[in-house]
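Step one of this worksheet: look at the structure below.
Here is how names work: the chains are called A, B, and so on, in the same order as the sequence lines, proteins then strands, and each is numbered from 1.
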Amino acid sequence: MTDTSPGTGTQSALDKTFDPAAIEAKWYAHWEANGLFRPHRPAAEPFTIVNPPPNVTGSLHIGHALDNTLQDVVVRYERLRGKDALWVVGTDHAGIATQMVVERQLEAAQDKRANYTREDFIAKVWDWKAESGGTITRQLRRLGCSMDWSREQFTMDPHFTKAVVKVFVDLHREGLIYRDKRLVNWDPKFKTAISDLEVETREVQGQMWHFKYPLADGQTYRYVERDAEGAVVLDEQRDYIAIATTRPETMLGDGAVAVHPGDARYSAIVGLLCEIPVGPKAQRRRIPIITDSYPDPAFGSGAVKITGAHDQNDYGVAQRNGIPLYRLMDEAARMRTDGSDYESSAARAGQLAAGATGSSAEIDEINLVPPAYRGLDRYAARKLVVADIDAEGLMLGVEDKVIMQPFGDRSGVVIEPMLTDQWYVNAAELAKAPIAAVRSGAIEIVPKTWEKTWFNWMENIQPWCVSRQLWWGHRIPAWYAPDGAIYVAEDEAAAQAKAGPDVTLTRDEDVLDTWFSSALWPFATLGWPEAQSSPSTCDGEVDRLQGETEGSRPRRITPPSVAKATATTPSQVDGEDQSLLAKHYPNDLLISGFDILFFWCARMAMQGMHFNAGQVPWKRLYLHGLVRAADGQKMSKSKGNVVDPLLLIDQYGADALRFFMASMESQGRDVKMDERRVEGYRNFATKLWNAARFCQSNGIAASSDLNAPNATSAVNKWIIGEVSETLAALDSAMAELRFDAAANIIYHFVWDQFCDWYIELIKGSFDDETKVVAGWVLDQILVMLHPFMPFVTEELWSKLGDRAHYPLITAKWPKPGVGVDTEAKAEVEWVIALVGNLRTAKNELGIAPGAKLDAYLPEPSEATRGIIERNGGAVERLARLNGIRFEPAPAGAAMQIGAGDANVVIPLEGVIDIAAEKVRLTKALEASTKEARSLDGRLSNPAFVEKAKPEAVEKARADHALHAAEATRLAAALARLG
RNA sequence: GGGCGUAUAGCUCAGUGGUAGAGCACUAUGUUGACAUCGUAGGGGUCGCAAGUUCAAUCCUUGCUACGCCCACCA
């Protein structure tokens, strides 16, 4: 029967098989209920990680499993090392994603958002959050993640909203947030602006049309085209200029045709007007032919139509040349129906083309969509435009062409560049500090290769569009007066105070980009901004004990000037009262997938440094890759190749999945899913379980001492030394965040050193010393393995002895220890080599594994005799010998087994075919001779001896001696067989 | 067009300036006081290709090839 209650630290018997499911839930509940994820350690050195907040309504996918395993490994490691380890956890409101989910639910019920008021719809989203919000946090618990749930946060908690508002208001006051009308990436499905990062440019099969734009008033010019050598290939009179476009529907909004200033073909007509060949014939619009550096004379006809309001490139040309921007579409990317009628719009545009000027409001009134096109979808309009031009004979041709097209990463629809008013963050200014921080090492990026990406992106950063035309999110704290004046303030009262009592204010309808708020995660979760001025009221410890929720705490608004001044000087009170922010910011480490490097990490650095007096959000940034499907493909729902981590946990246990993730995480490489490997680590847990069970059944109990016990036997001294070496290697791997190395180190120690050799070697003699040492080693294993496999280790820890009750999760990490006893190490390694050689020889000769053989060791050296006397029993047991006699073997055929300088003789008369042994010896002799000869060749090369490092020469000499001696011995043995 | 990464055993991956390792798979085997989710032994690789540097290159340099990713305004 499995004990279903957490252990009390009292020894109790282990089941024969390890059943992860039986222990995982009970231990997790025990840890959490007892506050062990963040034990009270006010005086301890802090260690802080914030968890990338998952979408509140999401569920755990394999990428989360990797990300959170790595974090938990680090956090558990640091907690065991005695630090005040804080792992901040919470969820993200995920604006677009969550609103999308709820809207989809409405659609499924034949309903839609438009049927609701803003308040009612938001209430529906909150309902959905309440319903599904616990899913992912439950799943993180199943993975064993030791987050501080007592301080769980949500990016729309009241205190978080306050932080967001303060950041917006402050940045606005500093001029780093501003409202601007420019071309944004407009998502016609969600009817909102999105940032550059949310646009995915994909190659699609498209078409490029070539049209004639007739010159005004029937003018003509001589068009001369030359080839690369300058020879004339075409010379004709033309009454048009040829234009190529992939988007004919935007022709309606053309403001000019541009050619390169050095393009001789068109120099004669620059400054003239040409006619856009669409729309009612009587009102064809005329636009000027201008020069700009943008057109490439070598591409197409060299002439580009300029639609400033619907194309990023054209926008730049239009800005440089004062070309009006005519908006053609509505929020759903349909040809607009608002504004002026076509006739007056076209007339007004004609005046503008001729040099008149107009305000942007006036220009926005101009609707250049002819009546026949109004209200059409952009693609329907395209078809019609093409058909109309073609019918008029003005189409020069059409070609199929692969074009780069922007898509909304969430909506999957083609993004339409649109001219709208939005809020922008001056990212270039905020990026300066993070660039410098990485350059100076204040932020260390691991692996280092990402630094270049960091610099490259930050140094070329564009203004960040942060307003979204959504309902779910942090509403922008800006109010508008009827005259268009904008008041940005903490709340409506403050805005009203600024505007004066008689002004009717209307709040901005938009919300902020989700990443604007998650950028504050490393400090807003720690009580910023209040924490800076009132540390004692915002202490996390107090919160936990009182069980208060974040939102219910009293808050005081801090004037920004005070906040800034105090940010640099963390309060000097002791740990107990010190504010969380002062103690845990900067965070020590951030672990994140590289896929959100720009979205999240970069923005955290920008906001974090700006609002914390230049202090970095985290000292190290570790970026891991993607988890891919077994075939190397990206996992996606549409491909149907997603692997559910929870199913893996069900099947193999959380420990196995975690160990898989850690062992596969080598820096700078994606993790390929390999279920068999997960299975292998389940087996590893079972192996450990059985080793512990064996120890327990032999009276080996938990150690009560942190320090290594005193040992006299070589085997015990050796294993203590191995622990020491393993610990050092593990610590160094952890320091470098080499998760794969760390996992492999502990894996091999447990399986190879402890199970395969130590336990086998001590099976003969469970003396008191050995029991103590074995118990101590097992304890060290449990502690060292705990960050990777918390459940099985905690269970074993509790079952293995009457230790004063304390759980493994808050045990103490091993101390560097006594080091390695080189003599004992050499002795045990000699025994291991001898046993190995004996086994190999027996196997190769086909001797029955169970056959017990006689062994002779004539004239052993003093040292060898001692080793045999001390370890003979083990050798006999492991290699199936009848005993080793220190006397010459009887005459006759025998096999010779070497170990170090000793040569064990096993008589083979009546045991085995002598010919087989001859073959074996001959093969071994050849191998030794080949090795020796190769080394000899190197050593007889004067260049090697002179130029190579002395150690290398020395090693070659020693190896040569070893192989030469072995060859001699084997040759002698062969000779003896006759 | 820029930038980055990867190419090592059948598969998935470590690794090092001195003739290569792990897990799984494979072959043989089942004796030893836990473990067949196991034990023991074994086979298997001119470390993508080419040139260079070096006494010595899988590792450093350059070029090439293949695959992958990110960024970028060619209508």
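- Rounded to whole Å, atom P of B:rC38 lies 9 Å from atom CD of A:E679.
- A donor-acceptor contact under 3.5 angstrom links the side chains of A:D767 and A:T770, judged on distance only.
- Between the side chain of A:D314 and the backbone N or O of A:T307, at least one donor-acceptor pair lies under 3.5 Å.
- Put simply, A:K452 has a side-chain N or O that comes within less than 4.0 Å of OP1 or OP2 on B:rC4.
- Formation of a donor-acceptor pair under 3.5 Å by the A:D670 side chain with backbone atoms of A:L626 is found in this model.
- Residue-level contact check: A:K955 touches neither bases nor backbone, having no heavy atom under 4.0 Å from any strand.
- For the pair A:R669 and B:rA7, the criterion of a side-chain N or O lying under 4.0 Å from OP1 or OP2 is met.
- Whole-Å rounding puts the A:N460 CG to B:rG3 C1' distance at 11 Å.
- Only one option out of A:F788, A:F754, A:Y681 pairs with A:Y747 in a ring pair (Phe, Tyr, Trp, His ring centres under 6.0 Å); it is A:Y681.
- Note on A:S697: nothing from the nucleic acid sits closer than 4.0 angstrom, heavy atoms only.
- In this structure, A:R933 reaches neither bases nor backbone, as no heavy-atom distance under 4.0 Å exists between it and the strands shown.
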Original post:
Where along nucleotides 67-75 of chain B does protein come under 4.0 Å, by heavy atom, of base (B) or sugar-phosphate alone (S), with - for untouched nucleotides?
Top reply: -S---BBBB

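- Of the nucleotides present, B:rU40 is the one that pairs with B:rA28 by Watson-Crick or G-U wobble criteria, both distances under 3.5 Å.
- In terms of modelled atom types and a separation under 3.5 Å, the side chain of A:H260 and the main chain of A:D296 share no donor-acceptor contact.
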Original post:
In B/S/- notation, 5' to 3', how is nucleotides 21-33 of chain B contacted by protein heavy atoms closer than 4.0 Å?
Top reply: -SSSS---S-BBB

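- Comparing A:A692 and A:V835, the nucleotide of RNA chain B nearest to each residue sits closer to the 5' end for A:A692.
- For the atom pair A:N185 CG and A:M418 CE, the distance stands at 11.5 Å (nearest 0.5 Å).
- A distance of 4.5 Å separates CE of A:M895 from CD1 of A:I847, quoted to the nearest 0.5 Å.
- Rounded to whole Å, atom P of B:rA57 lies 14 Å from atom NZ of A:K949.
- With A:F211 as the partner, the side chain to side chain contact (heavy atoms under 4.5 Å, CB included) test is satisfied by one option alone out of A:V386, A:I276, A:V398, A:I241: A:V386.
- Backbone-only contact: A:K672 has heavy atoms under 4.0 Å from sugar-phosphate atoms and none from a base.
- With A:D655 contributing its side chain and A:V792 its backbone, the two residues share a donor-acceptor pair below 3.5 Å.
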